[in-house]
K.L.:
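Can you keep this structure in mind? I'll have questions shortly.
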Amino acid sequence: MQTFDVVVIGGGPAGEVAAGRLGGEGLEVALVERELVGGECSYWACMPSKALLRPAEALAEIDRIPGAREAVTGSLDVTSTLRRRDEVIHDLDDSSQLPWLEDNDVTLIRGEARITGERRVEVGEDVLEARKAVIVATGTHASLPPIDGLAEAEPWTNRELTTTKRIPESIVIVGAGVVGVEMAQAYATLGARVTLIEPEDRILMREEPFAAEQVTESLRERGVDIRLDAGIQSVKRESGAVAVTLDGGDVVVAEQIGVAAGRRSNTAAVEPLGYEAGKPVEVDEHMVSKRFDWLYAIGDLNGEVLLTHMGKYQAAIASEHIAGRTYDLPHNADGPLSPRVIFTDPQVAAVGHTEKSARDAGLDIEIVEVETSGNAGGSFYGRGAPGTARMIVDNDRRVVVGATVTGADVSDFIHPFTIAIVAEVPMERLWHAVPCFPTRSELWLRLLESYRSR
Ligand SMILES: Cc1cc2nc3c(=O)[nH]c(=O)nc-3n(C[C@H](O)[C@H](O)[C@H](O)COP(=O)(O)OP(=O)(O)OC[C@H]3O[C@@H](n4cnc5c(N)ncnc54)[C@H](O)[C@@H]3O)c2cc1C
């Protein structure tokens with residue numbers, strides 16, 4: 001039996017941050033990881049997907065800049081893109097992640113962990129005991145919708161979609177949420193004929209309709225066949241092709257099928273405690289599980305919000321709580337209101353409420369909207385590309401409660417909105433945060449002017 005202050009299970013972004021933070025504070029910490037330190041995000045999710053998207057995005061931007069455009073005479077190089085993706089995911093080798101753990105005195109234990117009793121974790125033959133707490137950060141895996149023949153067709157999940165060594169000639173992607181839409185764009189720009197199938201009447205259901213419309217248009221321009229309101233009746237793989245029969249009887253045939261239709265929690269570690277397979281481990285605002293006061297669940301596993309940065313934030317909340325300190329919680333940019341970016345072209349960056357969620361929450365709101373590139377700074381970026389910046393203001397409190405910015409390369413635009421929301425900066429005060437000229441951040445001036453004129 002080995003004893004630590006804290007045992008962290010799962011070395012994805014959330015678990016890594018929790019282990020490193022607590023280790024850095026001088027606690028004795030063990031981190032148990034069954035695959036690769038860095039988790040889904042580093043190897044099969046955030047990082048490889050962005051590596052697949054970025055070259056085409058850069059080319060599209062260059063194409064919008066006369067002078068630079070003429071210098072690019074070739075087309076996107078698929079081999080180099082895939083090679084760069086492999087560099088980004090370190091060829092599925094996690095050795096570069098280990099020095100940080102060592103620097104923070106974290107003991108790494110390789111293997112599958114199971115919690116078999118109060119503060120007791122088994123990893124193969126080893127038994128680990130935690131004096132203070134066990135943090136579970138075991139993430140999620142792709143969920144397969146119960147469609148006739150789908151499992152037998154051996155569909156690609158995010159793992160194969162992000163690490164493939166060859167771009168298929170054609171692919172059907174099931175689900176037009178963030179992952180499906182990003183993968184549709186990546187595969188289309190890498191030369192595949194893509195069909196994107198979505199049962200709802202639009203893509204990106206959780207975001208503003210205008211954002212979904214702009215991304216839909218751009219995907220269609222790139223040749224993606226988007227089928228909306230499309231239920232799938234059955235899937236069949238035969239002689240090297242997959243046939244997908246839609247509810248109306250249409251059949252889409254492609255070389256490959258990928259599924260991006262939600263996630264299920266990785267619960268093997270907590271099932272001995274009575275947790276249900278595949279279901280989130282529910283937590284309070286300090287990430288303490290609702291059932292055991294010594295058990296914390298952070299990251300995707302608790303189902304609060306499936307984003308790396310929020311998992312890392314939850315790791316900080318849990319670590320503070322274990323160290324006997326507490327954060328000032330809750331605030332207005334967490335859970336479904338968390339900052340988020342969809343890395344399509346145009347990108348969609350959002351934080352806080354959409355119009356619908358604000359109205360559903362009963363807020364009295366003002367909505368102001370400007371063109372993302374409708375200022376001097378916009379002369380140099382995203383020329384001719386669609387782009388809208390929408391800000392939602394709570395009329396009662398006179399603070400920003402939501403923002404969505406679409407356009408070329410706008411992912412970094414959302415952070416000032418996040419600060420405004422979390423710090424609840426009064427609208428009158430925002431005037432004194434002066435954006436530089438000529439930057440696209442001047443969209444703030446236009447938004448504030450538009451709000452003042454109401
Ligand atoms: C294609 C795709 C793209 C994405 N892009 C983004 C993005 O751009 N930005 C963003 O913020 N989010 C993105 N996400 C979401 C992001 O990947 C997750 O939110 C993030 O990985 C969650 O981190 P985590 O630490 O909770 O879990 P994970 O990253 O899933 O890590 C969990 C770790 O726990 C380990 N583990 C599981 N069970 C056990 C066990 N019993 N014993 C030991 N170890 C165990 C696993 O091996 C894994 O390493 C994307 C997701 C997908 C699918």
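Read the numbers this way: they start at 1 and go in the same order the structure lists the ligands and their atoms.
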K.L.:
How close does the nearest protein non-hydrogen atom get to atom 15 (C) of ligand 1, and which residue and atom is it?
P.N.:
Leu306 O, 3.7 Å

K.L.:
So which bit of Arg340 gets within less than 4.0 Å of ligand 1, heavy atoms only: side chain, backbone, both or neither?
P.N.:
neither

K.L.:
Classify the side-chain pair Thr79/Arg83 by whether it contains a donor and acceptor separated by less than 3.5 Å.
P.N.:
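Per modelled atom types, Thr79 and Arg83 side chains form no pair under 3.5 Å.
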
K.L.:
Any luck finding a side-chain donor-acceptor pair between Gln256 and Arg166 under 3.5 Å?
P.N.:
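The criterion, which ignores hydrogens and geometry beyond distance, is not satisfied for Arg166 and Gln256.
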
K.L.:
Does a salt bridge link Arg159 with Glu35, judged by any charged N lying under 4.0 Å from a carboxylate O?
P.N.:
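A salt bridge links Arg159 with Glu35.
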
K.L.:
From atom 52 (C) of ligand 1, work out which of Ser265, Ala45, Gly177, Gly139 has a heavy atom at the shortest distance.
P.N.:
Ala45

K.L.:
Tell me which part of Val179 gets within contact of ligand 1: side chain, backbone, both or neither, using heavy atoms under 4.0 Å.
P.N.:
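Only the side chain of Val179 comes within reach of ligand 1.
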
K.L.:
Within a distance under 4.0 Å of any heavy atom of Ala269, pick out the atoms of ligand 1 and give their elements.
P.N.:
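By the 4.0 Å cutoff, the relevant atoms are 41 (N).
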
K.L.:
Closer than 4.0 Å to some heavy atom of Leu36 - which atoms of ligand 1 meet that?
P.N.:
49 (O)

K.L.:
Can a donor-acceptor pair be found between the side chains of Thr344 and Gln347 at a distance below 3.5 Å?
P.N.:
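No, no side-chain donor-acceptor pair sits under 3.5 Å.
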
K.L.:
Ignoring hydrogens and geometry beyond distance, is a side-chain donor-acceptor pair present between Asn302 and Glu282 at under 3.5 Å?
P.N.:
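No, because no side-chain N or O of Asn302 sits under 3.5 Å from a partner of the opposite role on Glu282.
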
K.L.:
Under a heavy-atom criterion of less than 4.0 Å, does Gly111 contact ligand 1?
P.N.:
yes

K.L.:
Side chain to side chain contact (heavy atoms under 4.5 Å, CB included) with Arg193: which residues, sequence neighbours excluded?
P.N.:
Glu169, Ser170

K.L.:
Which atoms of ligand 1 are found less than 4.0 Å from any heavy atom of Ala137?
P.N.:
32 (C), 33 (C), 34 (O)

K.L.:
Ignoring hydrogens and angles, state whether a donor on the side chain of Arg264 or Ser143 is under 3.5 Å from an acceptor on the partner side chain.
P.N.:
no

K.L.:
Suppose we measure from atom 26 (O) of ligand 1 to each protein heavy atom; which comes out shortest, and what is that distance?
P.N.:
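Its nearest protein heavy-atom neighbour is Asp300 N, 2.9 Å.
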
K.L.:
Is it the case that ligand 1 has an N or O less than 3.5 angstrom from some N or O of Ala113?
P.N.:
yes

K.L.:
Which protein non-hydrogen atom lies closest to atom 31 (O) of ligand 1, naming both residue and atom, and how far is it?
P.N.:
Gly12 CA, 3.4 Å

K.L.:
Kindly confirm or rule out an N or O of His309 lying under 3.5 angstrom from an N or O of ligand 1.
P.N.:
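There is such a contact, yes.
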
K.L.:
Would you find more than 12 non-hydrogen atoms of other residues, nucleotides or ligands less than 6.0 Å from Asp103 atom CG?
P.N.:
yes

K.L.:
Would you compute the distance between atom CD of Glu198 and atom CG of Leu228 and round it to the nearest 0.5 angstrom?
P.N.:
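So the gap between those two atoms works out to 7.0 Å.
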
K.L.:
Assess the side chains of Tyr296 and His321: does a donor N or O sit below 3.5 Å from an acceptor N or O?
P.N.:
yes

K.L.:
Tell me which part of Leu161 gets within contact of ligand 1: side chain, backbone, both or neither, using heavy atoms under 4.0 Å.
P.N.:
neither

K.L.:
Can you find a heavy atom in the side chain of Val400 that is under 4.5 Å from one in the side chain of Ile392?
P.N.:
no

K.L.:
Judged on heavy-atom distance to atom 23 (O) of ligand 1, which of Ala297, Pro13, Ala260 sits nearest?
P.N.:
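Ranked by closest heavy atom to atom 23 (O) of ligand 1, first place is Pro13.
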
K.L.:
Just checking Phe417 against Trp444, ring centres under 6.0 Å apart?
P.N.:
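Aromatic pair counts; centres sit under 6.0 Å.
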
K.L.:
Considering the heavy atoms of Cys41, write down every atom of ligand 1 situated less than 4.0 Å from one of them.
P.N.:
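What qualifies from ligand 1 is 17 (O), 21 (O), 29 (O).
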
K.L.:
Do Glu25 and Asn104 meet the criterion of a side-chain donor-acceptor pair at a distance under 3.5 Å?
P.N.:
no

K.L.:
Just to confirm my output: which protein heavy-atom neighbour is closest to atom 34 (O) of ligand 1, and how far is it?
P.N.:
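That would be Gly10 CA, 3.2 Å.
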
K.L.:
Tyr275 ring centre to Arg291 NZ or CZ under 6.0 Å, with the angle to the axis within 45°?
P.N.:
yes

K.L.:
Starting from atom 44 (N) of ligand 1, locate the nearest protein heavy atom and write down its residue, its atom name and how far away it is, to 0.1 Å.
P.N.:
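Answer, as residue, atom name and distance: Arg34 N, 3.2 Å.
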
K.L.:
Which residue supplies the protein heavy atom nearest to atom 6 (C) of ligand 1, what is that atom called, and how far is it?
P.N.:
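That would be Cys46 SG, 3.4 Å.
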
K.L.:
Determine whether the side chain, the backbone, both or neither of Lys50 has a heavy atom under 4.0 Å from any heavy atom of ligand 1.
P.N.:
side chain

K.L.:
Side chain or backbone, does Thr308 bring an N or O within less than 3.5 Å of an N or O on ligand 1?
P.N.:
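Yes; at least one N/O pair falls below 3.5 Å.
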
K.L.:
Under 3.5 Å, is there a donor on one side chain and an acceptor on the other for Asp148 and Ser234?
P.N.:
no

K.L.:
Give a yes/no verdict on whether any heavy atom in Val305 is under 4.0 Å from an atom of ligand 1.
P.N.:
no

K.L.:
At under 4.0 Å between heavy atoms, which part of Ser49 makes contact with ligand 1: side chain, backbone, both or neither?
P.N.:
side chain

K.L.:
Could you tell me, atom by atom, which parts of ligand 1 come under 4.0 Å of a heavy atom of Glu35?
P.N.:
47 (O)

K.L.:
Are Asp94 and Tyr43 close enough that some pair of their side-chain heavy atoms sits under 4.5 Å apart?
P.N.:
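With C-beta onward as the side chain, the pair touches.
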
K.L.:
How far is atom 48 (C) of ligand 1 from the closest protein heavy atom, and which atom is that?
P.N.:
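Among all protein heavy atoms, the one nearest atom 48 (C) of ligand 1 is Glu33 OE1, 3.5 Å.
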
K.L.:
For Leu307, take its heavy atoms, then give the atoms of ligand 1 lying under 4.0 Å from any of them.
P.N.:
10 (C), 11 (O), 12 (N), 19 (O)

K.L.:
Going by distance alone, is a donor N or O of one side chain under 3.5 Å from an acceptor N or O of the other, for Thr267 and Glu271?
P.N.:
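Glu271 and Thr267 do have a side-chain donor-acceptor pair below 3.5 Å.
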
K.L.:
Would you say ligand 1 has an N or O under 3.5 Å from any N or O of Glu182?
P.N.:
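No: no nitrogen or oxygen of Glu182 is under 3.5 Å from one in ligand 1.
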
K.L.:
Looking only at distance, does Glu40 have an N or O less than 3.5 Å from an N or O of ligand 1?
P.N.:
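There is such a contact, yes.
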
K.L.:
Taking only heavy atoms of Val32, which atoms of ligand 1 are found under 4.0 Å from at least one of them?
P.N.:
43 (C), 44 (N)

K.L.:
For ligand 1, indicate whether the residue Asn158 contacts it via side chain, backbone, both or neither (heavy-atom separation under 4.0 Å).
P.N.:
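Within the 4.0 Å criterion, Asn158 contacts ligand 1 through side-chain atoms alone.
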
K.L.:
Who's the nearest protein heavy-atom neighbour of atom 25 (O) of ligand 1, and how far?
P.N.:
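For this ligand atom, the closest protein heavy atom is Ala14 N, 3.0 Å.
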
K.L.:
Testing Glu208, Arg390, Gln214 one by one against Thr406 for a side-chain hydrogen bond (donor to acceptor under 3.5 Å, both in side chains), which residue passes?
P.N.:
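With Thr406 as partner, Glu208, Arg390, Gln214 yield a single side-chain hydrogen bond (donor to acceptor under 3.5 Å, both in side chains), made by Gln214.
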
K.L.:
Of all the atoms in ligand 1, which lie at a distance below 4.0 Å from a heavy atom belonging to Gly299?
P.N.:
26 (O)

K.L.:
Would you check the N or O atoms of Gly38, main chain and side chain alike, for any that come under 3.5 Å of an N or O of ligand 1?
P.N.:
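No.
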
